[in-house]
Amino acid sequence: MSISFDWDLEQLSFYRSIVTFAQQELNADLIENDRRSHFNQAGWQKCADFGILGWPISKEYGGQGLDPLTTILGLEGLGYGCKDNGLVFAINNHLWSCAVSIANFGTEAQKQQYLPALCQGTSMGGHAITEPNSGSAAFEMQTEAIPHGDYYILNGTKTFISNAPVADVYITFARTNLEVGAQQGISAFIIHKDLPGLTIEKEWEKSGLRTAPMGELVFKDCKVPVNRRLGKEGRGHNIFQSTISWERSFLFASQVGTMERIFEQCVSYAKKRKQFGQPIGSFQGVSNKIAEMKMRLELAKLILYKIGWLKKEGKQAFLESSISKVFISEGFMKTCQDAIQIHGARGYVTDYELERYFRDSIAGTIYAGTSEIHRNIISTLSGV
């Protein structure tokens, strides 16, 4: 089977339109929003109106119905054009942790009820699995949803939940059977923000991704109707594994776009900035950093596009998504660090934004599974 590395004209036009839209509509007031930890609600709605929030969702439910490879290209363009990494992260979290989960596992009634609003941006999605004492051991959760007739009684705390303070629905995981292990005893639920007994106890302040709100959800004797369970009872483990596979596969496409923008900025700066009578790009200490940026960028695209192709062909990408997650997140962080070094003091001050990119990049090595966890996954899937 042959693999083409060429984008068709329609895809290229799609990419250019996204870059232009993002550059023109999404980059206002970034420094102030970062300082205030302010979510760009107007930008969110502009992205919804542009169709971004429905890219991977079927047209039947209000989405765009894009194939996985084209969706990856779109997310890359969004990351290239939009400098608000928090907004881009919130969009990715909404798409892969909530909307796609409902599209893949929801009943027909659930799809009809939730997906159109999620695509239109009138509803924002979140994903609640992490707990104060679980961390990377996500399935060692204490949150319980005890069956009681036609509803469940939900109690527990979910923390470090992206989009929590501004989301309308959360895909939430809880133990529904305390007598069996995680693979049979956990279920998923579609939780509304106005559910009686649900409160946001804390909104976290973060070093980076400040424009992407993060909070803590506390459930106290919440009555959750059976028809808001996502999938069959006890299938939460399978739903999460599917969700995290999609998330890891697509979440870092936007970082690749940002890496390309930073690379181009560094090349331009290295050519015009002069020290000791010559452009700093003529010094090996600078040119080598730029060469390494380019290598990371090209290799990141290769693994990312391979994942898009695999998903488009209906194949699994468990190993590839973990490789991509580690390589791109760590490569993005190193690219940001090198960019600061190339720009010197200018890279460290807030006016040039590079220090913000670096702060934002660090989170990528933590969310969706730490780099250490993914290295364990890669070694296991490699037969170790």
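FYI, the numbering just counts along the sequence from 1.
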Is the closest side-chain heavy-atom distance between K271 and P279 below 4.5 Å?
no
Would you tell me whether D49 and Q45 have side-chain atoms, one donor and one acceptor, within less than 3.5 Å of each other?
yes
Just checking Y348: does its OH atom have more than 12 heavy atoms from other residues, nucleotides or ligands closer to it than 6.0 angstrom?
no
How close do L195 and K223 get, heavy atom to heavy atom, and via which atoms?
CD1-O, 3.3 Å
R228 atom CZ: more than 12 heavy-atom contacts under 6.0 Å:
yes
Does the salt bridge (charged side-chain N to carboxylate O under 4.0 Å, His left out) test come out yes or no for E60 and K111, once each step is laid out?
CA-CA 10 Å; E60 180 183 0; K111 294 176 186 178; over 6 Å; no
Under a 4.5 Å cut-off applied to non-hydrogen side-chain atoms, are Q241 and F318 in contact?
no
Any side-chain to backbone donor/acceptor pair from R248 onto S322? Under 3.5 Å, distance only.
no
Once rounded to the nearest 0.5 Å, what's the spacing between atom NZ of K312 and atom OG1 of T70?
6.0 Å
If you count heavy atoms of other groups shown closer than 6.0 angstrom to NZ of K306, is the number above 12?
no
Quick check: does any side chain N or O of S324 sit under 3.5 Å from a backbone N or O of S321, one acting as donor and the other as acceptor?
no
Starting at CE of M293, measure out to CD of E260 and round the result to the nearest 0.5 Å.
13.0 Å
Taking only residues two or more places apart in sequence, or in another chain, which ones meet R229 in a salt bridge (charged side-chain N to carboxylate O under 4.0 Å, His left out)?
none
So, the side chain of S123 versus the backbone of L118: is there a donor-acceptor pair under 3.5 Å, distance only?
no
Can you name the one residue among I239, L230, T130 that meets side chain to side chain contact (heavy atoms under 4.5 Å, CB included) with F173?
I239
Please examine the side chains of L198 and L217, heavy atoms only from C-beta on, and report whether any two atoms are closer than 4.5 Å.
yes
When you compare the side chain of I102 with that of I171, does any pair of heavy atoms fall below 4.5 Å?
yes
In this structure, is the centre-to-centre distance between the rings of F327 and H374 below 6.0 Å?
no
Okay, side chain of K325, backbone of A368: is any donor-acceptor separation there less than 3.5 Å?
no
Specify whether F240 and H127 have parallel, tilted or perpendicular ring planes, treating 30° as the upper limit for parallel and 60° as the lower limit for perpendicular.
parallel
Closer than 4.0 angstrom, basic N to acidic O: yes or no for E216 and K158?
no
Please round to the nearest 0.5 Å and tell me the distance separating atom SG of C336 and atom CZ of R356.
10.5 Å
Of all heavy-atom pairs linking P68 and G308, the shortest is CB-O, 3.8 Å
Pair Q265-Y352, side chain to side chain donor-acceptor pair (under 3.5 Å): steps then yes or no:
CA-CA 11 Å; Q265 180 179 341; Y352 280 73; over 6 Å; no
Might you work through the side chain to side chain donor-acceptor pair (under 3.5 Å) test for Q23 and N27, ending with a clear yes or no?
CA-CA 6 Å; Q23 290 173 334; N27 292 330; over 6 Å; no
Within a reach of under 6.0 Å around CD of Q278, are more than 12 heavy atoms found that belong to other residues, nucleotides or ligands?
yes
Measure from the side-chain N and O atoms of E131 to the backbone N and O of Q142, and report whether any donor-acceptor pair falls under 3.5 Å.
yes
Strictly under 6.0 Å, is that where the ring centroids of F250 and W55 end up?
no
Treating Ile, Leu, Val, Met, Phe, Trp and Tyr as nodes and any side-chain heavy-atom pair under 4.5 angstrom as an edge, say whether M141 and I191 lie in one connected cluster.
no
Identify whether NZ of Lys or CZ of Arg in R346 sits under 6.0 Å from the centre of the six-membered ring of Y269 and within 45° of that ring's axis.
no
Check the orientation of Y367 and F252. Use parallel for under 30°, tilted for 30 to 60°, and perpendicular for over 60°.
parallel
Which is it for N155 and D221 under the side chain to side chain donor-acceptor pair (under 3.5 Å) test, yes or no, and what are the steps along the way?
CA-CA 6 Å; N155 282 285; D221 296 325; 3.1 Å; yes
More than 12 heavy atoms of other groups within 6.0 Å of Q64 CD
yes
Distance-minimising heavy-atom pair for D168 and T122:
OD2-O, 3.9 Å
Just by modelled atom types, is the G86 backbone N or O under 3.5 Å from a matching donor or acceptor in the R210 side chain?
no
Would the number of heavy atoms belonging to other residues, nucleotides or ligands and lying under 6.0 Å from CD of E108 be above 12?
yes
Distance from C119 atom SG to I52 atom CD1, nearest 0.5 Å?
12.5 Å
Tell me whether S187 contacts the main-chain N or O of G234 through its side chain, where contact means a donor paired with an acceptor under 3.5 Å.
yes
Does some side-chain heavy atom of M333 sit less than 4.5 Å from a side-chain heavy atom of Q337?
no
Would you please test W204 and T159 for side chain to side chain contact (heavy atoms under 4.5 Å, CB included) and show each step?
CA-CA 9 Å; W204 295 97; T159 195; 3.4 Å; yes
One should read off an interatomic distance between Y305 OH and L302 CG, to the nearest 0.5 angstrom, of 8.5 Å
With a 4.5 Å limit on heavy-atom distance, are the side chains of L26 and D84 in contact?
no
Step by step, would you call S101 with T243 a side chain to side chain donor-acceptor pair (under 3.5 Å)?
CA-CA 6 Å; S101 293; T243 297; 2.7 Å; yes
Less than 4.5 Å apart, side chain to side chain, heavy atoms only: is that true for V267 and I290?
yes
Looking at F189 and T176, what are the two nearest heavy atoms and their distance?
CZ-CG2, 3.7 Å
For L178, does the CG atom have more than 12 heavy-atom neighbours from other residues, nucleotides or ligands under 6.0 Å away?
yes
SB check R375 E330 (cutoff 4.0 Å)
yes
Tell me, yes or no, whether the heavy-atom count around E10 atom CD, taken from other residues, nucleotides or ligands under 6.0 Å, exceeds 12.
no
Please report the shortest heavy-atom distance between A22 and G81, naming the atom on each side.
CB-C, 3.5 Å
Output, in order, the C-alpha distance, side-chain angles, deciding distance and verdict of side chain to side chain contact (heavy atoms under 4.5 Å, CB included) for F89 and D360.
CA-CA 10 Å; F89 177 74; D360 291 343; over 6 Å; no
Are the side chains of P56 and W246 in touch, meaning some heavy atoms are under 4.5 Å apart?
no
What pair of heavy atoms forms the shortest contact from I18 to G77, and how long is it?
CG2-C, 3.8 Å
Hey, mind stepping through I72 and K311 against side chain to side chain contact (heavy atoms under 4.5 Å, CB included) and telling me if it holds?
CA-CA 11 Å; I72 278 179; K311 289 288 189 180; over 6 Å; no
Does any N or O in the side chain of T335 come within less than 3.5 Å of the main-chain N or O of G331, such that one atom is a donor and the other an acceptor?
yes
Go through it in stages, so that I can follow the logic: the residues are F105 and K232, the test is side chain to side chain contact (heavy atoms under 4.5 Å, CB included), and I'd like the CA-CA distance, side-chain angles, deciding distance and then a yes or no.
CA-CA 9 Å; F105 296 98; K232 295 181 180 179; over 6 Å; no
